[in-house]
Amino acid sequence: MSDIQVDVLIIGAGPSGCVAASYLNSQGLKIKVVEKSVFPRFVIGESLLPRCMDHFEEVGLLDCLKAANFELKPGARFLRGDVVCNFDFSDKHTKGWDWTWQVPRADFDHILAKEIIKKGVDVSFNHEVVDVNIAEDGSSKTTIKDENGNTYSIYAKYIIDSSGYGRVLPRLLDLDKPSALPDHSSLFTHVKDVNRAQGEEGTMITFDVLDKDTWFWVIPFSNGNTSLGFVGKTEYLDSFKGSTTERMQEMLKLSDYYYDRFKGIEFLFDPINIKNYSKSVKQLYGKGFALTGNSAEFLDPVFSSGVTFATESALLSAKLITKELQGEKVDWETDYSDYIKSGVAVFATYVKEWYTGNLQTLFFHRPENPEVKRQICAVLAGYVWDETNPFVTKHDRIVKTLAHLIDMENEKSETN
């Protein structure tokens, strides 16, 4: 294959790469997308947040997704013992989308990739980035290995790394750093949901909280399959012995609520175990490149933030690159890094406070406080940049403070 000269090289054809590509293509820029995998391909991250619907709509990718009839996600349910906490996205503090989807990512990502190709974007699958050289002025030479093992070069003015778990530029440019989040792992698979209940009970995404550190996800899809997964401390998940299938079968017994629905059902693939998955980076951008989505920061999956951060950062980076290539001055530190980090910080607080138990205290305290719940619901819907929401602006202390007040109230009632 001959060498290629483009305005922007995008690494990865997942939701992040497709959103960036669709926007840049609409601005008349010459772009190239390279994807290491062959689509459709399995990937985790099957529960979306309403915030990302704004991004798909803005770049013209919403209609193709609507046509796929994915399972609607109007909210989320959290269970702990006999207590149920339901969040309804139509009843939240921040205005915005009140629904999204639960999706098999193999199908979802493939639809997006086909749509950007239809729009005229040049996408190459089974093409792997093997080396990157970025000059002082930001121009780059990226070496690509194609499906036949041959190499060629892509010369670009800018690179957007949307490689997700592949984390191409963090690896090649030594940008990785340890996450501040505690070490957790997940074990997950899909099943044909033959015992699915009728109506909302059968289709609602649910998080079954087994203890402070361990929870079980159930994500039903419109194709009749359901995603099942456990998340917990790495050492706890490792305490279950045998193959991943044997471990998953044993762990299903932990869920009193769901065991009867899923016991004895054959897994559609051997359960996958991902250990210590939270990742971080030293910087989100540099001269001539930007990191988006999971390439930059991957948080715990408890609040399904992955795709939303991927599309938020992809669209923003694409807009800033367009401005810069048009000769406008861009402040990447303020307009990109600070902005994305502020959203990550909000979600990271919620993840941390989930595992301290403070956020679980707020979720399962009875009676519920409707206004507090609406404000938390807006965060769970992905609107983590809304500064009218105290659960955004005061995220680093409000969860902890309210949980402490509830604990004091409970202690007082126990002593009376």
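Predicted model only: the values in this text are computed from it and were never measured. For the numbers below, each heavy atom of this structure counts, side chains included, while hydrogens, waters and symmetry mates do not. Residue numbers start at 1 and run along the sequence shown.
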Any donor-acceptor N or O pair under 3.5 Å, side chains [X], [Y]:
| X | Y | answer |
| --- | --- | --- |
| Ser317 | Thr292 | no |
| Asn126 | Glu147 | no |
| Gln360 | Tyr355 | no |
| Trp332 | Glu324 | yes |

Partner of Ser47 under side chain to side chain donor-acceptor pair (under 3.5 Å), chosen from Glu71, Lys73, Gln102:
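Among Glu71, Lys73, Gln102, the one meeting side chain to side chain donor-acceptor pair (under 3.5 Å) with Ser47 is Lys73.
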
Pairs where residues 196-207 contributes a residue and the test salt bridge (Lys or Arg N to Asp or Glu O under 4.0 Å) is met, not counting sequence neighbours
Arg77-Glu201, Asp193-Arg196

Quick one: does [X]'s side chain get under 4.5 Å of [Y]'s, heavy atoms only?
| X | Y | value |
| --- | --- | --- |
| Phe240 | Glu246 | no |
| Val330 | Tyr285 | no |
| Trp97 | Lys92 | no |
| Glu371 | Asn369 | yes |

Do Glu46 and Arg105 pass the salt bridge (Lys or Arg N to Asp or Glu O under 4.0 Å) test, and can you show the C-alpha distance, the side-chain angles, and the key distance before you say yes or no?
CA-CA 6 Å; Glu46 301 149 331; Arg105 284 286 302 280; over 6 Å; no

Criterion ring-ring contact (aromatic ring centres under 6.0 Å, His included) on His127 and Tyr152, from CA distance to verdict
CA-CA 10 Å; His127 283 218; Tyr152 64 97; 5.6 Å; yes

Can you classify the ring geometry of [X] versus [Y] as parallel (below 30°), tilted (30 to 60°) or perpendicular (above 60°)?
| X | Y | value |
| --- | --- | --- |
| Phe78 | Phe87 | perpendicular |
| Trp354 | Phe303 | perpendicular |
| Phe391 | Tyr350 | tilted |

Test your reading of the model: is there a side-chain donor-acceptor pair from [X] to the backbone of [Y], 3.5 Å cut-off?
| X | Y | result |
| --- | --- | --- |
| Ser342 | Tyr339 | yes |
| Lys30 | Gln5 | yes |
| Thr206 | Met204 | yes |
| Ser22 | Val59 | yes |

Among Phe267, Trp217, Phe221, find the one that has a ring-ring contact (aromatic ring centres under 6.0 Å, His included) with His190.
Phe221

What I want to find out is whether [X] reaches [Y] closely enough, with some N-O distance under 4.0 Å, to be called a salt bridge.
| X | Y | answer |
| --- | --- | --- |
| Glu250 | Arg247 | no |
| Lys141 | Asp3 | no |
| Asp91 | Arg374 | yes |

How about Phe56 and Phe70: are their ring centres within less than 6.0 Å of each other?
no

Quick check on the 6.0 Å ring-centre criterion: do Phe216 and Tyr257 meet it?
no

Which residue in the set Thr356, Leu359, Ile376, Val379 passes side-chain contact (heavy atoms from CB on, under 4.5 Å) when paired with Val399?
Leu359

Phe363 vs Trp215, ring-ring contact (aromatic ring centres under 6.0 Å, His included): CA-CA, chis, key distance, verdict:
CA-CA 14 Å; Phe363 277 25; Trp215 51 277; over 10 Å; no

